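Since this is a predicted model, take the numbers as computed values, not measurements.
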Amino acid sequence: KLAMARLRAFLSGHFTTIILAGEAPSMEQVLRLRPSFRAAFLARHVECLTMEKAAAKLGIPVSTLEERLQYAYECLGCSPLPDFAALRRPV
């Protein structure tokens, strides 16, 4: 695990993963995310908060929110482009 984490960290600085806009992940997939990634994703895409408001709600800088969202997209195999409306609860 440690070797894979080191390799992933090393390669992430050299390569960019290109993820095409596809289908939005299921809520089940989102709930399996690491807690900090899940909170960032939910605030931004389910609660529809702006980056600034989501960061303020989570008590983190916008740059940290951006990093957490990037990792969430990678874990979910998606990009910020799909329509996440299916994940929102009806009002």
Side-chain angles (χ1 to χ4, degrees):
K1 286 182 182 179
L2 181 60
M4 287 300 293
R6 286 181 180 166
L7 178 61
R8 195 172 287 121
F10 174 77
L11 292 176
S12 69
H14 297 284
F15 298 100
T16 8
T17 304
I18 298 173
I19 302 172
L20 300 175
E23 294 184 23
S26 68
M27 184 56 84
E28 183 178 295
Q29 291 171 301
V30 172
L31 294 176
R32 284 194 303 245
L33 287 171
R34 185 172 146 183
S36 60
F37 301 166
R38 180 178 56 234
F41 187 91
L42 292 173
R44 183 73 178 106
H45 296 295
V46 176
E47 297 177 36
C48 301
L49 299 176
T50 64
M51 290 295 277
E52 293 76 19
K53 288 183 180 180
K57 177 183 179 176
L58 298 172
I60 57 176
V62 172
S63 60
T64 302
L65 176 63
E66 289 171 345
E67 289 175 6
R68 289 181 183 178
L69 285 171
Q70 185 60 43
Y71 287 121
Y73 300 143
E74 289 176 14
C75 292
L76 294 170
C78 70
S79 72
L81 301 177
D83 181 10
F84 296 106
L87 299 175
R88 297 182 196 115
R89 295 183 182 122
V91 179

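With rounding to the nearest 0.5 Å, the separation of CD1 in Ile60 from CZ in Arg68 is 4.5 Å. Arg44 CZ to Glu66 CD: the interatomic distance, rounded to the nearest 0.5 Å, is 9.5 Å. Within the model, atoms NE2 of His45 and SG of Cys78 stand 7.0 Å from one another, a figure rounded to the nearest 0.5 Å. In this structure, CG in Leu65 is found 9.5 Å from OG1 in Thr50, a value given to the nearest 0.5 Å. To the nearest 0.5 Å, atoms OH (Tyr73) and CG (Leu33) are separated by 11.0 Å.
Side-chain atoms of Arg38 do not come within 3.5 Å of backbone N or O of Val30 as any donor-acceptor pair.
A 4.5 Å side-chain heavy-atom check between Arg32 and Glu28 finds at least one atom pair inside the cut-off.
Neither Leu49 nor Leu69 shares a network with the other; the hydrophobic side chains, linked directly or stepwise wherever heavy atoms of I, L, V, M, F, W or Y lie under 4.5 Å apart, form separate groups for each.
Tyr71 and Phe37 have parallel rings, their planes meeting at less than 30° on a 0 to 90° scale where 60° marks the start of perpendicular.
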